[in-house]
Amino acid sequence: MGSVEQLHETVRDAAATLVGDSAVARAVKLERPPRAELGDYSTNAALLLAPKLGLPPRDVAQTLAIELGSRLGSVLARTEVAGPGFLNLFLSDQWLAAALGGVLEAGDRFGAAEKAAAARIDVEFVSANPTGPLHIGHARGAAYGDALSRLLAFRGFEITREFYINDYGSQVRKLGESVAAIARGEPVASDGYHGDYVATLVPAERALQLDIDELSREALAACLEQIRASLERFGVRFDVWFSERSLHESGAVERVLERLAANGESYRSEGALWLRTSTHGDDKDRVLERSDGDTTYFASDIAYLEDKRSRGFDRMIYVWGSDHHGYEARMKSACAALGGDPETVELIALQFVHLVGGGGARVAMSKREGEYVTLDELVEQVGVDAARYFLLARSHDTTVELDSDLAVSRSADNPVYYVQYAHARIASLLAKLGSDRVEEALGEVAPVPSLHPSERALLKRLLAFPADLEDAAERRAPHRVATAVLDIAQQFTAFYRDCHVVGAKPRASESLRIALALATQRTLAISLGLLGVSAPDRM
RNA sequence: GCCCUCGUAGUCCAAUGGACAAGACGGCCGCCUCCUAAGCGGCAAAUCCAGGUUCGACUCCUGGCGGGGGCACCA
């Protein structure tokens with residue numbers, strides 16, 4: 001009986017015994033009450049069981065308390081029935097000490113999960129057009145996709161991170177033409193690419209020697225390399241860089257169109273080839289091949305999806321901008337048309353990052369005007385840690401406001417420093433004690449006569465961490481990790497204020513506090529690691 | 001017009017059916033002979049509107065209002 005999960009299971013079992021129905025019991029929750037005086041944990045079991053039993057919820061809670069008392073014995077210090085029928089549980093210090101032991105035993109895997117079912121997941125993110133530098137919106141996609149990948153990997157999934165390179169359409173030639181124009185000292189066409197970066201892609205003398213196809217390819221490769229380097233500096237790496245062009249050159253697009261036709265999923269009309277996505281829940285059918293014979297972007301997407309499927313992924317996650325959320329239905333439809341389960345395709349639409357100027361006025365981000373903040377600028381100005389935390393602290397479905405003028409000063413206010421500071425403080429504290437004393441303390445974790453409320457609060461906060469990660473992973477919500485780590489740092493700071501560690505009497509109390517500090521440090525480091533933020537020992 | 005999404009303190013935002021809505025910034029008042037003041041304590045301040053479901057709603061449903069996005073044989 002050393003973990004919250006086991007405690008939860010016991011509560012479920014007790015509830016199932018009362019009602020004789022395990023289905024209802026599965027919905028029983030074990031929660032942390034909003035205030036410490038309401039107990040260490042509480043359960044809503046009685047509120048759920050009361051209608052089944054035809055009894056008042058508070059009476060059911062009382063019966064449940066007796067049942068739990070006999071199952072838990074001395075683990076349960078006392079119970080209270082509260083409000084409409086909550087049962088509040090007060091746990092013994094023995095249980096808490098044992099739970100801390102469990103945290104220490106887990107080490108840097110605290111909160112991790114064993115290999116999950118349907119474990120292989122492909123996460124595609126960023127996938128920016130390789131025709132210009134990454135901007136702030138891509139930064140959000142990069143931070144999110146990377147943090148989600150780290151989180152899912154920690155929770156037992158086998159993750160492949162993938163970047164889809166749009167190197168096939170007309171924009172490639174436009175990039176080449178823009179480079180050529182600059183090399184010749186001519187103005188760039190109005191629909192070309194205008195940023196200063198264009199001149200840096202291919203040296204002018206070389207640009208003048210190449211034909212437009214070669215030049216376009218070289219310019220694109222150079223641009224892609226800049227993107228890769230920017231992401232690397234931001235702490236983001238990909239396992240697979242997948243070329244759209246390769247899907248055409250290998251015949252994969254052609255093959256998938258043939259296959260869809262053979263399955264009766266496509267038809268010709270008005271000179272074009274259409275996919276029957278509407279039979280799989282889309283609003284209307286979509287064009288695969290235009291009447292001029294060119295295949296559409298959608299056709300490439302399907303060939304790419306089929307390639308992913310053939311590589312054996314159980315699930316394909318696409319992290320796209322919110323301007324693509326209308327694509328969800330057609331991508332799921334395409335999966336169904338290929339004979340797959342549409343539920344294995346998951347689209348996550350990230351809301352935009354809005355740039356706001358000094359007066360709070362919204363600034364339009366336009367590549368044409370050069371009015372945008374690049375990922376490189378963001379990293380240069382606020383640093384990787386502050387940038388990543390800022391972008392990851394918000395839910396993916398809320399728009400983020402970024403004040404361009406305050407980007408630098410805002411960094412000092414970033415809560416990430418508060419978290420890092422707590423981590424550094426613990427490192428300093430443990431260094432002061434010496435590794436021998438810390439080692440000894442870990443072997444001496446035992447119940448102490450009376451835990452200080454701040455010790456208790458910090459420990460319970462740590463114990464909630466695995467469930468935080470489980471929720472965050474299930475909901476694809478790495479911002480919950482950011483929320484949790486800040487909360488843990490705050491609980492630690494309160495503990496640090498109230499409970500002197502070095503020299504605490506009796507020795508058992510000092511040992512427990514050392515163990516608690518170490519467990520906190522590890523939890524902070526794990527969380528920061530999942531966010532891609534460093535955990536410094538000194539600040 | 002239709003579809004999706006979001007509306008929470010002055011500002012940025014958390015809370016996906018639980019108890020008195022969390023935190024940060026900004027504001028006001030206080031705190032370094034004390035394991036890091038990048039810190040600590042205190043005060044003021046919020047669920048867009050109207051119905052509904054529920055023992056219980058920021059959360060779910062209906063209808064409004066407001067912001068953003070999408071409704072191509074563009075990529």
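Proteins come first, then strands; the chains are lettered A, B, ... in the order of their sequence lines, and each starts at number 1.
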With sugar-phosphate meaning primed atoms plus P, OP1 and OP2, does A:Gln490 contact a base, only sugar-phosphate, or nothing at under 4.0 Å between heavy atoms?
sugar-phosphate
Would you call A:Tyr164 and A:Tyr304 a side-chain contact if the rule is heavy atoms closer than 4.5 Å?
yes
State, without any angle test, whether A:Asp285 and A:Tyr267 hold a side-chain donor-acceptor pair at a distance under 3.5 Å.
yes
At 4.0 Å (heavy atoms only), tell me whether A:Asp167 reaches a base, stays on the sugar-phosphate, or touches nothing.
nothing
What about A:Ser291, does its side chain sit under 3.5 Å from the base of B:C73 through a donor-acceptor pair?
yes
A:Tyr417 has its side chain closest, among B:A38, B:C73, B:A14, to B:A38
Base, sugar-phosphate, or nothing: which does A:His479 touch, judged by heavy atoms less than 4.0 Å apart?
sugar-phosphate
When all nucleic acid strands are considered with a 4.0 Å heavy-atom cut-off, which category describes A:Arg475: base, sugar-phosphate, or nothing?
base
Does NZ or CZ of A:Arg245 come closer than 6.0 Å to the centre of the six-membered ring of A:Tyr168, within 45° of the ring's axis?
no
Mind checking if A:Leu429 touches a base, just sugar-phosphate, or nothing, with heavy atoms under 4.0 Å?
base
Identified stems (criterion: three or more consecutive Watson-Crick or G-U pairs, under 3.5 Å), RNA chain B:
B:1-7 with B:65-71, B:10-12 with B:23-25, B:27-31 with B:39-43, B:48-52 with B:60-64
Does B:C35 adopt a syn or an anti glycosidic conformation, taking syn as a chi angle within 90° of 0?
anti
Answer yes or no: does a side-chain N or O of A:Arg425 lie under 4.0 Å from OP1 or OP2 of B:A37?
yes
Test item: side-chain donor near acceptor, A:Tyr297 and A:Asn166, under 3.5 Å
yes
Whole-Å C1' distance, B:C31 and B:A19:
34 Å
By a 5.5 angstrom centroid cut-off and a 30 degree plane limit, is there stacking between A:Phe86 and B:A19?
yes
Can you give one letter per nucleotide of nucleotides 3-8 of chain B, going 5' to 3': B for a protein heavy atom under 4.0 Å from the base, S for sugar-phosphate only, - for none?
-BSS--
For A:Tyr318, does the six-membered ring have the charged nitrogen or CZ of A:Lys308 within the cation-pi criterion, i.e. under 6.0 angstrom from the centroid and within 45° of the normal?
yes
